[in-house]
Enquirer: 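Sending over a structure as structure tokens; questions will come in a sec.
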Amino acid sequence: MDEGAFILIIERISCNRLRKDGGKIMTKELPTKYDPKTTEENWYAYWLDGRYFEATGDKKKKPYTIVIPPPNVTGKLHLGHAWDTTLQDMLTRMKRMQGYDVLWLPGMDHAGIATQAQVESQLRDEGLSRYDLGREKFLEKSWEWKEEYADHIRRQWAKLGLGLDYSRERFTLDEGLSRAVREVFIKLYKKGLIYRGEYIINWDPKTKTALSDIEVIHKDIDGAFYHMKYPLKDGSGHIEVATTRPETMLGDTAVAVHPEDERYKHLIGKTVLLPIVNREIKIVADDYVDMDFGSGAVKITPAHDPNDFEIGNRHNLERILVMNEDGSMNDNAGPYKGMDRFDCRKKIVEDLQEQGVLFKIEDHVHSVGHSERSGAVVEPYLSTQWFVKMKPLAEQAINLQKSDGKVNFVPARFEKTYLRWIENIHDWCISRQLWWGHRIPAWYHKETGDIHVGHEAPKDEENWEQDEDVLDTWFSSALWPFSTMGWPDEDAEDYKRYYPTDVLVTGYDIIYFWVARMIFQGIEFTDQRPFKDVLIHGLVRDSEGRKMSKSLGNGVDPMEVIDKYGADALRYFLVTGSAPGHDLRFYWERVEAAWNFANKIWNASRFALMNMEDLTYDEINLDGEMQLADKWILTRLNETVEAVTTLSEKYEFGEVGNKLYHFIWDDVCDWYIEMAKLTLYGEDENAKQMTRSVLAYVLERTMCLLHPFMPFITEEIWQHLPHEGDSITVASWPEKQENWHEPETINEMKLIQEVIRSIRNLRAEMNVAPSKPIAMNMKPASEQTELILKKNEAYIQRFCNTSELTISLAAKPEEKSVTQVISGAEIYLPLEELINIEEEIQRLNKEYDRLTKEVERVQKKLANEGFVKKAPAKVVDEEREKERDYIEKRKLVEQRIEELKQ
RNA sequence: GACCCGUUAGCUCAGUUGGGAGAGCGCUACCUUGACAGGGUAGAGGUCGCAGGUUCAAGCCCUGCACGGGUCACCA
């Protein structure tokens, strides 16, 4: 691998050494705002220095492998890459913490056409072409270019915080991978699955290379339908044909009609005189022709149309190429020689009209193929190229999906997408008329024309010439999951240990180009799927839903986002921003929301650390007496741990994000920390110590859960918190702790929360400022509830801001009290001066009506025999409980109304 | 033409084993409470595209339709 940029990162490690202190806290006080800039770079350097991302080969651990979809070495990473790699980073970080020997293998793709085009454009600026330099010099230039961009990409990976094993970085043109490419080519050739032949291929006249079918993008273009009359040689009339590409008529070598077509039967075998070039061509009969389309007669240009080519084969027609490789007309075009194909079209239309041959032009929208790379209109072109025979390979891939060893697509529907394509696949044109790429390992004998295919030239090299062309970049990408592991050396350590990989993460736009090809090559050469799962995500779009593109200028540079909000915020936004397999719109506000979340976490930790005193990891002790809030948050932590773990295994990161967000913001920050203040600011030293332990423990575990989403801030906080080990990247993944799991605390907490909420609500409704202390009188519905309320009255006092609080089964409201009925208790607030009895009665009447509606709804449900009989007992019981509760509450409200009325 | 996806709060979107609708932003009112104003509290806002069906029960399953987006194929 290239060391350049990597060393830049490594260099910074030295200034970071003071952090290597065995995990002790260096500073206690955190600044009040989280600043990603000052922390992110240091931590990345620290991670590399600790070599936490390198696969260890540790036999005691199970391997877990992902290979990165290699980005084009010619470009910068965009938000799509950031999304794609963040998903992989999350998976590998989690697995590493779970104790797997993780290999996440980085690398880049040489991207033949794209890179060559860039280098050529640079040369053009210097007034040169690649031919001026020659092949060798041009490749030198390209390698320089590659080094520069590879550095750039590595720096971007670093900024994103990706835990890549750089010691195993690969490049598709590396010697090892090139050997794999040759090996595959040779083997397929020997098997007859690679062949060379003259066929109609997709030709890009701009970059002057052949393309495969999927590199052609079809766009609807407003064109025209040109109707022409070709005269019969015997002067007995003419035959009418139509075309969208009139310039191809110069290459016509027949006219075809359907053999059953009564209109033309008598003309079959006759000769037509092709206008302009005055070539004599035959009228042939062929089933391919659709009698109902157009005139029912088709001009045949075997050298410029795939269907015509087939017809030409069936009828032994001459193939006349009328264009050069750059899209200009050649010698066969007679008077049009040298003209560009589109200029020729204009001129030939004029000329034919003048001659009366072309008699009608109709507007016609038709789909025109464009080069995916250069944008040029693709010309169907007769040319000698190398092809992969796809049917046998596709069949193996299709069969694989019927076996237990199938590739699991996530979301599952993409398997259909994949199968549909592979079931209808055509042979794959793999030769490209470029210099930057894997040169085709075929030599042609200068005299005999024999073909030699092998790793090296034949011994009498001077008598042979190597094929000038290179292979489609995807031909090498298809081997990526195993060529990077040392294949074709099947005894290579990495290949044996890490192949097949566990999951491939990529966008749906690349299923055909890459995923499908990796699968059939994987089966053919390794006898198994190259990955167990394929996680498919969508595309990043702009805020209006448009694809980001250079031409629209609506692209957002992930580095700019990171500079503004930090990598953690960007990552969190990317992986929680959409449903699986769906596109994602980019919104700055949502990145900002993620940043706010990070800051919230920061400040919660800041609070904890300010109150942690010198608690060390060993001093964390959860075995003493606990408050409700402590037991509750530990239980909620357990629930969150379980949810996060199982949802992550299912790649449901959006849901994982929701769970963590809710747990951290609502449960930890809004409730637990607020409640912890009671003990932390109180006098009871034992309780304080317990709260510190719980807080430290919960935060430490929470940072671990969040680490895959937000690696930087979690490492920073984790290092400040009491912890064990040198880095959160290798900390243990949280597991459910049965000792501290008390589901009943959830309900107790719900009761306390309901009390607090209902008082806040009443205050707002009655315009009583939260800062104003009030007297509060509670009447529990049972002794059990009374116990819970009394045990937790400190919480109620604080959060309801009471001047006095009584909790008693015998409690009675003062005359002028506001009443609130909740499940399990009545609450009275004697707010004499604020109360108007009439208004209070009205308020309670509203409540009465609301409860009545609820009662009716539940009773309706319970009155349904089918429901009671067929619904699960648990569901029915829950409804009965609700009925009881609503009726009870309604009764209490009713009583209070009656009291007030007296 | 075939297939896939979407249609849920003002906007953008979550909602996976079918059991009383959620988030972010925006909006309203109030709050400098000793982690956080990048914050807190309370609140408004939804016939979950339409029509059928299955089911005790449908945003979720099935069928059809409408609109929007996408993929592939055809296009002389």
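Here is how names work: the chains are called A, B, and so on, in the same order as the sequence lines, proteins then strands, and each is numbered from 1. As the structure is a computational prediction, the values presented were derived from the model and not from experiment.
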Enquirer: How is A:Asn307 classified with respect to the nucleic acid when contacts are heavy atoms under 4.0 Å: base, sugar-phosphate, or nothing?
Expert: sugar-phosphate
Enquirer: Determine the contact category for A:Glu655: base if any of its heavy atoms lies under 4.0 Å from a base atom, sugar-phosphate if only primed atoms, P, OP1 or OP2 are that close, otherwise nothing.
Expert: sugar-phosphate
Enquirer: Taking atom C1' in both B:G19 and B:A23, what distance in whole Å separates the two?
Expert: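 These two C1' atoms come out 23 Å apart once rounded.
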Enquirer: Using distance alone, with no hydrogens and no angle criterion, decide if A:Tyr230 and A:Asp252 have a side-chain donor and acceptor under 3.5 Å apart.
Expert: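 Yes.
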Enquirer: Please determine, for B:G64, whether a Watson-Crick or G-U wobble partner exists with both distances under 3.5 Å, and give it or none.
Expert: B:C50
Enquirer: Tell me which nucleotide, if any, is Watson-Crick or G-U wobble paired with B:C72 when both distances must be under 3.5 Å.
Expert: B:G1
Enquirer: Looking only at side-chain N and O atoms, does A:Lys869 come under 4.0 Å of OP1 or OP2 in B:C56?
Expert: no
Enquirer: Considering every strand and a 4.0 Å limit on heavy-atom distances, what is the contact class for A:Ala871: base, sugar-phosphate, or nothing?
Expert: base
Enquirer: Please determine whether a side-chain nitrogen of the Lys or Arg among A:Arg850 and A:Glu847 lies less than 4.0 Å from a carboxylate oxygen of the Asp or Glu.
Expert: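 Yes, charged N to carboxylate O under 4.0 Å.
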Enquirer: I want to check one thing: is the phosphate of B:A14, taken as OP1 and OP2, less than 4.0 Å away from some side-chain N or O of A:His582?
Expert: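 For B:A14, OP1 or OP2 has a side-chain N or O of A:His582 closer than 4.0 Å.
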Enquirer: Under 4.0 Å, counting only non-hydrogen atoms across every strand here, what does A:Val289 touch: a base, just sugar-phosphate, or nothing?
Expert: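 Base: the residue A:Val289, judged by heavy atoms under 4.0 Å, touches a nucleobase.
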Enquirer: What integer number of Å spans the C1' atoms of B:U8 and B:G45?
Expert: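 Between the two C1' atoms, the distance is 13 Å.
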Enquirer: If pairing requires Watson-Crick or G-U wobble contacts with both distances under 3.5 Å, which nucleotide is the partner of B:U32?
Expert: none
Enquirer: Does the side chain of A:Asn424 get closer than 4.0 angstrom to OP1 or OP2 of B:A73 through an N or O atom?
Expert: no
Enquirer: Take A:Asp305 and A:Arg245 through the salt bridge (Lys or Arg N to Asp or Glu O under 4.0 Å) test and state the conclusion after the steps.
Expert: CA-CA 10 Å; A:Asp305 183 281; A:Arg245 296 185 295 151; 3.7 Å; yes
Enquirer: Could you state the atom-to-atom distance from CD of A:Glu415 to P of B:C5 in whole Å?
Expert: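 It works out to 14 Å between those atoms.
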Enquirer: Counting heavy atoms not belonging to A:Lys889, are there more than 12 under 6.0 Å from its NZ?
Expert: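 Yes, NZ of A:Lys889 has more than 12 neighbouring heavy atoms, counting only those of other groups under 6.0 Å.
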Enquirer: What's the closest nucleotide to the side chain of A:Tyr587 if the choices are B:U12, B:A42, B:G19?
Expert: B:U12
Enquirer: Take the protein atom CZ of A:Arg880 and the nucleotide atom P of B:G19, then report the distance between them rounded to whole Å.
Expert: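 Checked: the CZ to P distance equals 20 Å.
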Enquirer: Looking only at atom C1', what distance separates B:C36 and B:U41, rounded to whole Å?
Expert: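 It works out to 15 Å between them.
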Enquirer: Which heavy atom of A:Glu423 sits nearest to which heavy atom of A:Ile398, and what is that distance?
Expert: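 Closest pair (atom of A:Glu423, atom of A:Ile398, distance): CG-CD1, 3.6 Å.
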Enquirer: Answer with yes or no whether the side chains of A:Asp220 and A:His366 bring together a donor and an acceptor at under 3.5 Å.
Expert: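 Checked: A:His366/A:Asp220 side chains show no N/O donor-acceptor pair below 3.5 Å.
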Enquirer: For the pair made of CG in A:Asp509 and P in B:C5, what is the distance, rounded to whole Å?
Expert: 18 Å
Enquirer: Verify, without hydrogens or angle tests, whether A:Asp286 (side chain) and A:Ile311 (backbone) share a donor-acceptor contact under 3.5 angstrom.
Expert: no
Enquirer: Remember a base hit wins even if backbone is also touched, and classify A:Thr244 as base, sugar-phosphate or nothing at under 4.0 Å, heavy atoms.
Expert: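 Counting heavy atoms under 4.0 Å across all strands, the contact made by A:Thr244 is with sugar-phosphate only.
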Enquirer: Kindly give the atom pairs (protein nitrogen or oxygen, nucleotide nitrogen or oxygen) under 3.5 Å for nucleotides 32-36 of chain B.
Expert:
from: B:A35; atom 1: OP1; to: A:Lys677; atom 2: NZ; distance (Å): 3.2
from: B:A35; atom 1: OP2; to: A:Tyr681; atom 2: OH; distance (Å): 2.2
from: B:A35; atom 1: O3'; to: A:Arg606; atom 2: NH1; distance (Å): 3.0
from: B:A35; atom 1: O2'; to: A:Asn603; atom 2: OD1; distance (Å): 2.6
from: B:A35; atom 1: O2'; to: A:Arg606; atom 2: NH1; distance (Å): 2.6
from: B:A35; atom 1: N7; to: A:Lys677; atom 2: NZ; distance (Å): 3.3
from: B:A35; atom 1: N6; to: A:Cys669; atom 2: O; distance (Å): 3.2
from: B:A35; atom 1: N6; to: A:Glu674; atom 2: OE2; distance (Å): 2.9
from: B:A35; atom 1: N3; to: A:Asn603; atom 2: O; distance (Å): 3.2
from: B:A35; atom 1: N3; to: A:Ala604; atom 2: N; distance (Å): 3.3
from: B:C36; atom 1: O4'; to: A:Asn603; atom 2: OD1; distance (Å): 3.1
from: B:C36; atom 1: O2; to: A:Lys600; atom 2: NZ; distance (Å): 2.9
from: B:C36; atom 1: N3; to: A:Lys600; atom 2: NZ; distance (Å): 2.9

Enquirer: Starting at atom CD of A:Glu765, determine the distance to atom P of B:A29, rounded to an integer number of angstrom.
Expert: 18 Å
Enquirer: Nearest-Å distance, CD (A:Glu544) to C1' (B:G69)?
Expert: 16 Å
Enquirer: Can you tell me the base-pairing partner of B:G10? Count Watson-Crick or G-U wobble geometry only, both distances below 3.5 Å, and say none if there is no partner.
Expert: B:C25
Enquirer: Give a yes/no answer on whether the side chain of A:Trp665 brings an N or O atom under 4.0 Å of OP1 or OP2 in B:G38.
Expert: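 The answer is no; no side-chain N or O of A:Trp665 sits under 4.0 Å from OP1 or OP2.
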Enquirer: Using a heavy-atom cut-off of 4.0 Å across all strands, would you classify A:Phe225 as base, sugar-phosphate, or nothing?
Expert: sugar-phosphate
Enquirer: Who is the Watson-Crick or G-U wobble partner of B:G38, with both distances under 3.5 Å?
Expert: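 Its partner: none found.
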Enquirer: Between B:C75, B:G19, B:G39, which nucleotide gets closest to the side-chain atoms of A:His366?
Expert: B:C75
Enquirer: I want to verify a distance call: between B:C4, B:A14, B:G38, whose nearest atom is closest to the A:Lys416 side chain?
Expert: B:C4
Enquirer: With rounding to the closest Å, how many angstrom separate the P atoms on B:G59 and B:C48?
Expert: 7 Å
Enquirer: Using a cut-off of strictly less than 4.0 Å, decide whether A:Arg585 has a side-chain nitrogen or oxygen near OP1 or OP2 of B:C13.
Expert: yes
Enquirer: If you find the nucleotide of RNA chain B closest to A:Lys882 and the one closest to A:Gly577, which residue's nucleotide is nearer the 5' end?
Expert: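 Mapping each residue to its closest nucleotide by heavy atoms, the 5'-most match is A:Gly577.
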Enquirer: Has the side chain of A:Arg263 got a donor or acceptor atom that lies under 3.5 Å from a matching backbone atom of A:Met291?
Expert: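 Yes; at least one donor-acceptor contact below 3.5 Å.
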Enquirer: Could you give the distance separating B:G69 and B:A29 at their C1' atoms, to the nearest angstrom?
Expert: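 Result for the C1' pair: 41 Å, nearest Å.
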Enquirer: Provide, to the nearest angstrom, the distance between the CH2 atom belonging to A:Trp588 and the C1' atom belonging to B:G38.
Expert: 16 Å
Enquirer: So which heavy atom on A:Cys800 is nearest to which on A:Ile774, and how close?
Expert: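 For A:Cys800 and A:Ile774, the tightest heavy-atom pair comes out as O-CG1, 4.0 Å.
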Enquirer: Taking atom C1' in both B:G22 and B:A9, compute the distance separating them and give it to the nearest angstrom.
Expert: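 The same atom, C1', in both gives a distance of 10 Å.
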Enquirer: Watson-Crick or G-U wobble partner for B:A57, using a 3.5 Å limit on both distances?
Expert: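 None - no nucleotide pairs with B:A57, as no candidate has both distances under 3.5 Å.
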Enquirer: Would the distance check show the side chain of A:Asn801 and the main-chain N or O of A:Ser771 forming a donor-acceptor pair, the cut-off being under 3.5 Å?
Expert: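 Yes, because the side chain of A:Asn801 sits within donor-acceptor range (under 3.5 Å) of the backbone of A:Ser771.
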Enquirer: Using a 4.0 Å heavy-atom cut-off, does A:Ser367 contact any base of the nucleic acid, only the sugar-phosphate backbone, or nothing at all?
Expert: base
Enquirer: Given 3.5 Å as the limit, does a donor-acceptor pair link the side chain of A:Asp885 with the main chain of A:Ser823, or not?
Expert: no
Enquirer: Taking atom P in both B:G49 and B:A58, compute the distance separating them and give it to the nearest angstrom.
Expert: 15 Å
Enquirer: Could you identify the nucleotide paired to B:G18, looking across every strand shown and requiring Watson-Crick or G-U wobble geometry with both distances under 3.5 Å?
Expert: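 Partner of B:G18: none found under 3.5 Å.
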Enquirer: What's the CD-C1' distance between A:Gln820 and B:A42, to the nearest Å?
Expert: 13 Å
Enquirer: At less than 4.0 Å, is any side-chain N or O atom of A:Tyr288 found next to OP1 or OP2 of B:C75? Yes or no.
Expert: yes
Enquirer: Rounded to whole Å, how long is the line connecting atom CG of A:Asp583 with atom C1' of B:A14?
Expert: 16 Å
Enquirer: Pick the nucleotide of RNA chain B nearest each of A:Gly866 and A:Arg757; which residue has the one closer to the 5' end?
Expert: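 Whichever sits nearer the 5' end wins; that is A:Arg757.
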Enquirer: How far does the P atom of B:A14 sit from the matching atom of B:G52, given to the nearest Å?
Expert: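 It comes out at 28 Å once rounded to the nearest Å.
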